[in-house]
Protein chains: 2
Amino acid sequence: MTSQGGTRQPKYQRIADALRTAIQAGEYGPGDRLPGENDLMATYEVARMTARQALGVLQNEGLAEARKGAGVFVRAFKPLRRRGIERLAREQWGAGRSIWSEESEERELVVDQIDVREEEADGRVCDALDVPAGTRVWARSRRFVLDGKPVLFALSHLPSDIVADSAVTQVDTGPGGTYARLAELGFAPVHFREEIRSRMPSADEAERLSLAMGTPVIHIVRTAFAQGGRVVEVNEMTLDSASYVLEYDFDA
Amino acid sequence: MTSQGGTRQPKYQRIADALRTAIQAGEYGPGDRLPGENDLMATYEVARMTARQALGVLQNEGLAEARKGAGVFVRAFKPLRRRGIERLAREQWGAGRSIWSEESEERELVVDQIDVREEEADGRVCDALDVPAGTRVWARSRRFVLDGKPVLFALSHLPSDIVADSAVTQVDTGPGGTYARLAELGFAPVHFREEIRSRMPSADEAERLSLAMGTPVIHIVRTAFAQGGRVVEVNEMTLDSASYVLEYDFDA
DNA sequence: AAGTGGTCTAGACCACAAT
DNA sequence: TTGTGGTCTAGACCACTTC
């Protein structure tokens with residue numbers, strides 16, 4: 001009687017299925033506590049590791065979240081809407097508004113872990129910026145924390161020969177941000193390309209974004225082009241997938 | 001000596017870190033076999049479940065893939081590039097080309113699990129289509145398999161009062177596909193909105209797309225608008241995140 | 001203090017893949 | 001046939017949260 005008792009499915013999957021069904025039926029709402037390891041051991045007559053494995057399935061699916069010493073809870077989602085195209089319209093940053101003001105209405109946005117430095121671009125960045133190997137660039141990295149929850153980490157690279165003497169090299173880039181400064185320097189971005197990937201986070205990323213198990217990250221690489229086609233910025237963003245829905249609006 | 005021996009990290013994490021470092025250093029390339037459970041038990045002097053847990057970490061990160069009876073292997077990635085905006089330009093489907101011909105150059109594309117039926121739209125679909133509850137709609141679902149690997153599952157809904165007597169209700173929609181037929185009916189899409197989310201797959205989705213552990217799905221909901229703003233199609237797509245990079249190109 | 005999840009051990013049988 | 005990963009048991013100690 002070690003494994004299946006006539007059925008094809010492993011015990012831990014059957015237990016996970018039962019819990020998942022209960023969640024979807026609304027028996028457990030967002031934030032509710034699920035039956036714990038001890039409960040499952042008793043009701044299903046299985047060993048600790050088996051009950052654990054069942055709860056692990058739900059966590060890996062992103063449906064549940066374990067809190068040490070407290071229990072396993074149904075996760076709640078309330079993602080931000082990020083309008084990929086509107087938010088970069090010239091009027092937005094031209095008017096001195098932050099690109100962030102719209103999507104963080106009524107919520108407390110903190111930008112921390114800010115780091116601004118000049119360095120020699122590595123191969124990957126040179127490729128993206130379309131500059132020769134070893135070119136000097138400014139690197140700006142920062143983390144966005146919304147209502148106490150880290151939601152995004154951004155790493156931006158700009159060629160030094162363009163931004164060297166501007167506020168882009170400062171922690172505070174001033175009204176309208178980096179793109180307003182680039183415009184003043186005669187390198188206003190006129191075209192953008194965003195590449196989107198999704199994958200599971202590294203342990204490092206999971207920590208920086210306080211990600212629960214079973215939470216992928218969305219990776220966006222935005223390339224900004226000035227008139228004439230020169231690349232003026234490459235911005236790599238890593239987002240908590242549970243905190244975002246991306247939106248792109250365009251004509252046929 | 002049950003858990004840590006002076007260090008803060010769990011053993012299984014240290015083992016996983018060592019393997020991850022080795023992979024990133026190129027000691028194990030894509031497709032290579034990693035040390036198995038028995039190897040790890042011997043070299044790190046741990047129990048089976050601990051070695052197992054270490055390998056589980058890498059699988060959940062999407063870096064490795066277990067093949068029963070064979071071993072654990074480093075995963076390989078070669079994503080398709082999906083150009084979100086260009087691919088929907090009027091010229092593409094207006095000229096009778098399939099929207100798919102571009103991105104599947106030189107590769108064998110099979111469309112299977114095709115299902116076309118009329119039904120009463122549920123609340124979620126009514127909402128998305130902007131029609132009253134209970135409206136009749138045509139539902140088209142199909143799966144795309146590229147070189148033997150399922151990469152995408154699509155479920156499209158269109159209002160019956162628009163498409164009822166057209167080839168949209170047939171398995172084969174004819175040259176140019178659904179959008180060409182809509183154009184002939186006087187409801188050519190002129191505007192699109194794509195909403196993008198990422199999450200871990202349900203067990204069902206994982207099976208339909210043959211997803212390895214640690215592989216998120218990308219969920220795209222595309223809404224097509226005709227002149228005047230009427231919603232003519234809502235298409236929900238579920239993509240294997242390991243098979244895709246999405247690209248959006250637009251002007252400031 | 002009691003209960004929870006996190007880690008770990010040392011066994012076991014199974015289905016499957018490679019040889 | 002041998003080795004692999006998949007499942008499962010029955011214990012154990014720990015750190016943490018809640019009361």
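A note on names: the letters A, B, ... follow the listed sequences, proteins ahead of strands, and every chain is numbered from 1. Treat the numbers as computed from the prediction; the structure is a model and nothing was measured.
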- Message: I'd like to know if the side chain of A:Tyr248 pairs up with that of B:Glu195 as donor and acceptor (distance under 3.5 Å, no hydrogens or angles considered).
- Response: no
- Query: Is the distance from OP1 or OP2 of C:dT7 to the nearest side-chain N or O of B:Thr50 less than 4.0 Å?
  - Reply: no
- Query: What integer distance in Å separates B:Arg52:CZ from C:dC14:C1'?
  - Reply: 12 Å
- Task: Flag yes if more than 12 heavy atoms outside A:Glu207 fall under 6.0 Å of its CD atom; otherwise flag no.
- Result: no
- Task: Mind calculating the distance between CE (A:Met49) and P (D:dG6) to the nearest angstrom?
- Result: 14 Å
- Message: What is the separation between atom CZ on A:Arg48 and atom P on C:dT9, rounded to the nearest whole Å?
- Response: 16 Å
- Item | Test salt bridge (charged side-chain N to carboxylate O under 4.0 Å, His left out) applied to A:Asp17 - qualifying residues, sequence neighbours left out | A:Arg20
Could you list, one pair per line, each protein nitrogen or oxygen that sits under 3.5 Å from a nitrogen or oxygen of nucleotides 16-19 of chain C, together with the distance?
unit_1, atom_1, unit_2, atom_2, d
C:dA17, O4', B:Gly69, O, 3.4

- Evaluate the side-chain proximity of A:Leu63 to A:Arg75: yes if any heavy-atom separation is below 4.5 Å, no if none is. no
- Quick one: B:Lys11 NZ to C:dT9 C1', roughly how many Å, whole number? 9 Å
- Query: Are any of B:Tyr12's side-chain N or O atoms less than 4.0 Å away from OP1 or OP2 of C:dC8?
  - Reply: no
- Message: Looking at every non-hydrogen atom in both residues, tell me the closest pair between B:Leu155 and B:Asn235 and how far apart they are.
- Response: O-OD1, 3.4 Å
- Task: Using side-chain contact (heavy atoms from CB on, under 4.5 Å) as the criterion, list what pairs up with B:Asp115, not counting sequence neighbours.
- Result: B:Arg117, B:Ser141
- Task: Write down the distance between CD (A:Gln9) and C1' (D:dC8), rounded to a whole number of angstrom.
- Result: 16 Å
- Message: Between A:Arg140 and A:Thr169, do the side chains contain a donor N or O and an acceptor N or O under 3.5 Å apart?
- Response: no
- Would you check if A:Arg82 and A:Arg87 make a side-chain contact, meaning some heavy-atom pair closer than 4.5 Å? yes
- Note on the structure: Listed range with range, the stems formed with DNA chain D by at least 3 consecutive Watson-Crick or G-U pairs (under 3.5 Å) are C:1-18 with D:1-18
- Rounded distance in Å - CD (A:Gln53) to C1' (D:dG5): 12 Å
- Sorted by number, the residues of residues 28-47 of chain B with heavy-atom contact under 4.0 Å to DNA chain C: B:Val46, B:Ala47
- Query: Taking B:Leu58 as the fixed residue, which of B:Ile15, B:Leu34, B:Val74 is the one that meets the side-chain contact (heavy atoms from CB on, under 4.5 Å) rule?
  - Reply: B:Leu34
- Task: Report yes or no: does B:Ser241 contribute a side-chain atom to a donor-acceptor pair with the main-chain N or O of B:Pro216 at less than 3.5 Å?
- Result: yes
- By side-chain contact (heavy atoms from CB on, under 4.5 Å), A:Ala42 pairs with (sequence neighbours left out) none
